[in-house]
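Below is one structure, written out as structure tokens; the observations come after it.
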Amino acid sequence: MNTEKQSSKTFLSDPTSVRLRRLAVLAVFGSLTAPCPAFAQADPSEPAEPESAQEEAPAPASAIRAPSDAIEEITITSRRREELLQRVAASVQAYTAEELESAGIDGFEDVFRLTSNAYVEERTGGDAVVSIRGVSTGDMSREPGVGLYVDGAYAFFRGVQDTPPLFDLESVEVLRGPQGGLYGRNSVGGALVINTARPQFDFGTSAKVTLGSDNLEKFEGSLNLPLLAERLSFRVAYTDKQSDNFVANSTLGRNERDPVSRAGRAKLRFTPSDAVDIILAYERSRESLSGFDRIAPTNDPDQRRTLADFLGQTRQASDRYSIDVSWEASPSLNVRYLGSFRKFDRFRSFDDDGGATLSSVQRQSFDSNQQTHELRLSGVLLDDKVDWIVAGVAYRDSPSFSGGQGTDAVSSVNVVDETYKSQSVFGQVQYQPKEWVRVSGQLGYTRERIKNTRSGQILLGGVATPLPTLAQTEIERVLTPGADVSFFFTDDILAYVSYSTSYKTGGFNSLRDTGVTRLGMGADPYYRPEKVRGFEVGTKTSWLDGRLLFNVSLFDMNQRAIQTRVMLQPDPLTGQQVRPFQNIGTVESQGVEAELVAVPLPGLQFSLGYGFTDAELKDSVTQAGDADGNEPIDIPRYSFNAGVQYTREIFAGRADAFLRLDYQSRLGGKRDIANVVDLDDQALTNMKFGLEFANGMTLSFFANNVFNRSFFELEPDACVPSGMLTPAQLSLPADQICSILSRPGIANAPRVVGIEVGAKF
């Protein structure tokens, strides 16, 4: 069966002379000069005032940053209002655009590796496995345990955890712990909030070309055009990246397919009055990735090879339209509407057995249309002692999946169509009766309706037998309360305690996994929502006139009705493994996060981060038997981050020289629910150094994974016995079975070194 879509065959066709083309584009961007009166439309002798108290006029992009002798205060918006990070009663890690640039952030993995008690794997199939504080996705659920929000709108598709490209950003914020009071669904572990750059009312342009080992080629550029002074502005940004695949295919005698990704974004900002701000946006991305690799059975991860006899591929396309309207109705009332529409298509094919002995191939097609509408009211009362938010959100997702797996003689086809609708209302009230205390309460209510239609067929000996079509509708209602209390001992010392809740959406299993072909031995087709509650105690402190920050938080979480795959015996008709989702037991987790940031000398800043998570299953019975006391999958026990950056003026103040080092490690954890396979320890060191010139030009050199460390990122339950093994092999201990099977997953990237040339005006 071929479910490939013809429209996606040529969208990533690569022209010749790519490096010359990108260098030419850089030259075009660099030729645009900054102070162009035709765009400014204002008297250059009079500096422009900030548009509002919430948005200060940006500093000139070409100015050299003076070596700082204090830590920059960061304002976050991830809690639906503008707040100083150090005065928020929650564990939040925030990164500004400048920090993201300095740290060389290139994707989701980079963001989470800089965040304590957070873990992510971006897999070759285009999905992401994310966990925060012991709440994981992986094979634990079709839905993520960490919500993704781009410019205020939920961005994960139902059943697909794709990761949109990160480019032209304003900030990235990681919220730890349940976020049901302000975000609701699928934010049981936390939320990743991405804010892309908004159009500004002054001219600006930037471009950067990156060339590196493994034929790495990347271009990023942006152009900001003020069209009408303080009223109309346009911004466009583009990124283009490709490199060689580092996984060798020993069977086919070549490397896996090279990854290519391209994305562009356009935004139009209109402010018809000082009280109204409207932003229209369109984003388009296209990616071509290798298939779902299965690492060859070897104890040497440096080989980074696969034995697959079929060269798989993933091609996906995404389009997003959005509108953001903010109206300051009065000094004490703001009205905001957020609307978003996303369309996503993916075709994926890969070798299902992972070796050259069988010819089992999977082909999958997925598409979805997603809509989000949010109306939010916020304001202040009682001389600003009360700060409140009330919002209503309507969400709709319409995923459609079709896929086939098996050999020419024995195979199965599944077709799933869903319509998911949710309506939710949430609110939060903060009351600060005295300067030293603040009390906050939040409450969310969500109604979900899932309509699922499942059909398919099995093929035995060339004879196709259709399976009956099943349709089912489920309705869930969820209440998510929360509260916190903050104590401000001084302007620089905050202590807080909080209680929060959230939930993860329920869902349906496919026909193949519900027992239709298994003579009544299958699983319940519907699995219920997963719910979590969390307690947190923390402090945030600033010392030495803002040159030292030290924050620490302790948490306790309880996760109920865990959604996870269970391994049933192979289907007696097709011999294929059956792995439905079911609700099992509870996960209890406790841990700590600590963060220290210091500026001991002007221009020198270093940071340390530590995280510990102790998570275990309670009252859980799985395919491996009684799992009580076992660790859940994909949750490192320890995380450690360290970074240092030194900046110094040179050439009589005409340039800055900088050096940055980053180290991240993740230790401990299990890969399978039976706790037979360990999660590989990970340790990476990145380095970057270069020059930033006063005219806006930059030149830097980088090395990622400096010491060329290697580790596997495996699929959960990768080594559980399956029907692909002989009876003699099935009788072996699980750790020996793991050494026999080709293991699904990928190896991390080897060392990459390169050069970046950029311009910003």
Side-chain angles (χ1 to χ4, degrees), residues 91-93 95 103 105-124 127-141 143-148 156 161 163 166 172-179 186-192 504 532 534 553 555 557 559 562 564 587 589-595 609-616 631-642 662-673 675 677-684 686 705 709-718 745-749:
S91 181
V92 182
Q93 196 81 32
Y95 307 96
I105 298 297
D106 191 46
F108 279 63
E109 282 189 325
D110 299 325
V111 172
F112 277 80
R113 281 177 178 150
L114 291 176
T115 306
S116 301
N117 273 339
Y119 175 73
V120 67
E121 294 176 0
E122 289 191 276
R123 294 189 172 151
T124 52
D127 285 343
V129 174
V130 180
S131 71
I132 294 179
R133 287 186 172 179
V135 180
S136 175
T137 50
D139 259 17
M140 297 292 281
S141 174
E143 298 290 339
V146 176
L148 171 65
F156 273 143
Q161 298 155 43
T163 56
L166 300 183
V172 173
E173 301 168 18
V174 183
L175 287 76
R176 303 182 185 93
Q179 303 296 323
N186 299 337
S187 299
V188 289
L192 176 63
K504 185 189 296 184
V532 63
S553 58
F555 65 88
M557 295 176 59
Q559 199 176 350
I562 300 300
T564 189
V587 169
S589 57
Q590 301 82 35
V592 60
E593 290 126 13
E595 176 191 14
Y610 170 77
F612 168 72
T613 300
D614 180 18
E616 63 178 45
E631 297 181 42
I633 61 176
D634 283 336
I635 301 171
R637 289 179 64 84
Y638 305 95
S639 60
F640 181 74
N641 311 292
D662 287 287
Y663 172 81
Q664 311 102 32
S665 65
R666 300 291 184 267
L667 306 174
K670 298 296 182 180
R671 180 60 71 177
D672 66 315
I673 207 166
N675 284 192
V677 185
D678 292 332
L679 190 67
D680 275 20
D681 292 342
Q682 304 182 11
L684 293 175
N686 298 335
N705 193 4
R709 298 290 180 86
S710 58
F711 51 85
F712 284 125
E713 297 178 344
L714 303 180
E715 275 289 280
D717 293 325
I746 65 173
N748 71 301

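The model shown is predicted, which means the values in this text are computed figures rather than measured ones. All heavy atoms count here, side chains included; hydrogens, waters and symmetry mates do not. This chain uses plain numbering: 1 for the first residue, then up along the sequence.
Using a 4.5 Å heavy-atom cutoff, the side chains of Tyr95 and Thr115 are in contact. Between Met557 and Pro178 there is a side-chain heavy-atom pair separated by less than 4.5 Å. Counting heavy atoms from C-beta on, the side chains of Arg637 and Leu667 never come closer than 4.5 Å. Residues Gln682 and Tyr119 form a side-chain contact, since some pair of their non-hydrogen atoms from C-beta on lies under 4.5 Å apart. Between Ser710 and Asn748 there is a side-chain heavy-atom pair separated by less than 4.5 Å. The shortest side-chain heavy-atom distance between Ser553 and Arg133 falls under the 4.5 Å cut-off. At least one side-chain heavy atom of Asn641 sits under 4.5 Å from a side-chain heavy atom of Arg666.
With rounding to the nearest 0.5 angstrom, the CD1 atom of Ile132 is 9.5 Å from the OG atom of Ser187. Rounding to the nearest 0.5 Å places CD1 of Ile635 at 13.0 Å from NZ of Lys670. For the atom pair CD of Gln664 and CG of Leu114, the computed distance is 5.0 Å after rounding to the nearest 0.5 Å. To the nearest 0.5 Å, the span separating CD on Gln93 from CD on Glu595 amounts to 4.5 Å. Expressed to the nearest 0.5 Å, how far CG of Asn686 lies from CG of Asp110 amounts to 7.0 Å. In this structure, Tyr638 OH and Ser665 OG are separated by 12.0 Å, a value rounded to the nearest 0.5 Å.
Closest approach of Ala615 and Val587 over heavy atoms only: CB-CG1, 4.3 Å. The two residues Ser91 and Arg176 make their nearest non-hydrogen contact at OG-NH1, 2.6 Å.
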Please determine whether side-chain contact (heavy atoms from CB on, under 4.5 Å) holds for the pair Phe555 and Thr613, giving the CA-CA distance in whole Å, both sets of side-chain angles, and the decisive distance to 0.1 Å.
CA-CA 9 Å; Phe555 65 88; Thr613 300; 3.9 Å; yes
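Between Phe640 and Tyr610, a ring centre-to-centre spacing not shorter than 6.0 Å is recorded.
Formation of a donor-acceptor pair under 3.5 Å by the Asn117 side chain with backbone atoms of Phe612 is found in this model. Here the side chain of Ser639 pairs no donor or acceptor atom with the backbone of Ser116 at under 3.5 angstrom.
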